[in-house]
There are 2 protein chains.
Amino acid sequence: MTEIATTARNDRYEELLTAAAECFQSRGFDATSIDTVARHLGATKGRVYHYFPSKMDLFNAVRDRGMDIVFQATDPGYFADLPVLDRLEAMARGHARAMLQHHSFMLVLKDGLLMRRYTTTTDFQKESLSQHIARRDAYEARFRELLAMGLAEGSLRAGPDPAITVQTFMSALNGPVAWFRPRPGDTPEKYDAIAEEIVRFAMQGLRALPA
Amino acid sequence: MTEIATTARNDRYEELLTAAAECFQSRGFDATSIDTVARHLGATKGRVYHYFPSKMDLFNAVRDRGMDIVFQATDPGYFADLPVLDRLEAMARGHARAMLQHHSFMLVLKDGLLMRRYTTTTDFQKESLSQHIARRDAYEARFRELLAMGLAEGSLRAGPDPAITVQTFMSALNGPVAWFRPRPGDTPEKYDAIAEEIVRFAMQGLRALPA
DNA sequence: GATCAAACATACCGATGGGTATGTCTGTCA
DNA sequence: TGACAGACATACCCATCGGTATGTTTGATC
């Protein structure tokens, strides 16, 4: 997230970023042309290229912002001074809510990771991608870390390969990316209710049960 | 799946379908050109267009095949003469295994549903898409149906909106689409082990627990 | 062995879209 | 008030790609 000053310049930048997120989210990367994003703002290519040197850089900016959002949403839980199980649940809740509230960015974030670009990628782009993957790994490592602690103290359980358990856990949390569509009349309460059920499901799948 | 006779003609068709699945899976729809698919087989466009009238039809064929696969994988469980909970678990197991074994087709199946094509789509294509969505709905309805039965008899539980619970359940099952990559040395046993942990996690999230 | 169709390959067309080069307008500052 | 830079719009270039039109080879059939 970094610092976001509300200069005029920054407002324009944010406006472009949001518009790009919506376009990439609804049409996908390739099907979204620079003109598409520009028209979405009632502008032309000139405006986009004034703020971003290339389409790829624009996409990367959206993707990185998505990553900023999930980190910010889960930081409180991760750093909380609470039992492991409560920390993990707080992270899950933050993650799930972010999936709903920042749906466009989260969709771009998701297929930004799936993006195969071994073709037509400059060294600079590859660098950007590998940095992003590193952040993703660091993010997932937090969940793995808490699971390991839970396993050690016996409050949580996992399969023979805990990595698979974590992946499945996070897949459940990421679910809204695939099936959720925001509606005009949506309220924060509705989002919280959905997030709550997702968290409950995911946490129950992880909990150690008495035999 | 329909009937698959092993005529030479059919072999060529299957070969193309598999190659297309791999290309679409790794590069996405737009980034995959007809030439890409052809080169993947050491051929040229002529061969592709000899079997498929358009790129869209090729993609639809792959997507529909993916749907065939998941239906076939879960039919035994759905129609089994067993307690609801066992039927659901069998379906989950079949689904998870299909995700691993037919990974390319499953990936295409997934973003075939996400594909937004309100632009550049003929009426015929829209018809094909809506039919596909209908099949998807019918598929998900089976899971919803079994969950409802489980709720009625008290063996399963769900949130205030069971639809969300089912979506989260299926998101966990679909997880491998996002995080799994097949490796050359993979064995069926390895796939089964992964599937087993996914099934365990998902089923535990759904089970009614004694207070 | 001439015919013919299936099964491709090759050459080409036209549109789309990323990127650039250049123009234009507006506010600011000396 | 004139110079200048930021913030765009407009016009243009060219590579890519879906699709088509036209070869060419191969096997079966009479």
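Values below: all heavy atoms of this structure, side chains included; hydrogens, waters and symmetry mates excluded. Each chain gets a letter, A, B and so on, in the order the sequences are listed, and its residues count up from 1.
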Which residue pairs satisfy the side-chain hydrogen bond (donor to acceptor under 3.5 Å, both in side chains) criterion with at least one member in residues 167-178 of chain B, sequence neighbours excluded?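 Pairs touching residues 167-178 of chain B that pass the test: His95(B)-Asn174(B).
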
Report yes or no: is the cationic atom of Lys55(B) (NZ for Lys, CZ for Arg) closer than 6.0 Å to the six-membered ring centre of Tyr49(B), at no more than 45° off its axis?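 Judged by the rule (NZ or CZ under 6.0 Å from the ring centre, within 45° of its axis), Lys55(B) is not positioned above Tyr49(B).
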
Is it the case that Arg87(B) places NZ or CZ above or below the six-membered ring of Tyr78(B), under 6.0 angstrom from the centre and within 45 degrees of the axis?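 Yes; both conditions hold, so Arg87(B) lies above the ring face of Tyr78(B).
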
Measure from [atom1] on [X] to [atom2] on [N] and round the result to the nearest Å.
{"X": "Lys55(B)", "N": "dT20(D)", "atom1": "NZ", "atom2": "C1'", "result": "17 Å"}
{"X": "Ile34(B)", "N": "dT20(D)", "atom1": "CD1", "atom2": "P", "result": "11 Å"}
{"X": "Glu15(B)", "N": "dA7(C)", "atom1": "CD", "atom2": "P", "result": "13 Å"}
{"X": "Asp57(A)", "N": "dT20(C)", "atom1": "CG", "atom2": "P", "result": "11 Å"}

Using a cut-off of less than 4.0 Å, is there contact between a side-chain N or O of [X] and OP1 or OP2 of [N]?
{"X": "Arg12(A)", "N": "dC8(D)", "result": "yes"}
{"X": "His50(A)", "N": "dC8(D)", "result": "no"}
{"X": "Tyr51(A)", "N": "dC8(D)", "result": "yes"}
{"X": "Tyr49(B)", "N": "dG19(D)", "result": "yes"}

Over all strands shown, is Thr36(A) touching base, sugar-phosphate only, or nothing at heavy-atom distances under 4.0 angstrom?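 The answer is nothing, as Thr36(A) stays clear of every strand by at least 4.0 Å.
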
Side chains of Arg27(A) and Ser33(A): any donor to acceptor distance under 3.5 Å?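 Side chains of Ser33(A) and Arg27(A): no pair found under 3.5 Å.
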
Under 4.0 Å between a Lys/Arg side-chain N and an Asp/Glu carboxylate O for Asp35(A) and Arg39(A)?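 Salt bridge between Asp35(A) and Arg39(A), a charged N being under 4.0 Å from a carboxylate O: no.
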
If you restrict it to nitrogen or oxygen atoms, what contacts under 3.5 Å exist between nucleotides 9-16 of chain D and the protein, and what is each distance?
{"from": "dA9(D)", "atom 1": "OP2", "to": "Thr44(A)", "atom 2": "N", "distance (Å)": "3.0"}
{"from": "dA9(D)", "atom 1": "OP2", "to": "Thr44(A)", "atom 2": "O", "distance (Å)": "3.4"}
{"from": "dA9(D)", "atom 1": "OP2", "to": "Thr44(A)", "atom 2": "OG1", "distance (Å)": "2.7"}
{"from": "dA9(D)", "atom 1": "O5'", "to": "Thr44(A)", "atom 2": "OG1", "distance (Å)": "3.3"}

Take the angle between the ring planes of Phe24(B) and Phe29(B) and call it parallel below 30°, perpendicular above 60°, tilted in between.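 Ring orientation of Phe24(B) relative to Phe29(B): parallel.
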
Please tell me which of the listed nucleotides, dC17(D), dT20(D), dG18(C), lies nearest to the side chain of Ser33(B)?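 That would be dC17(D).
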
Note every stem involving DNA chain D: at least three consecutive Watson-Crick or G-U wobble pairs, i with j then i+1 with j-1, with both distances under 3.5 Å.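 Counting only runs of 3 or more consecutive pairs, the stems involving DNA chain D are C:1-30 with D:1-30.
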
Can you give me the closest heavy-atom contact between Phe105(A) and Leu17(A), atom names plus distance?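 So the minimum-distance heavy-atom pair works out to CZ-O, 4.1 Å.
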
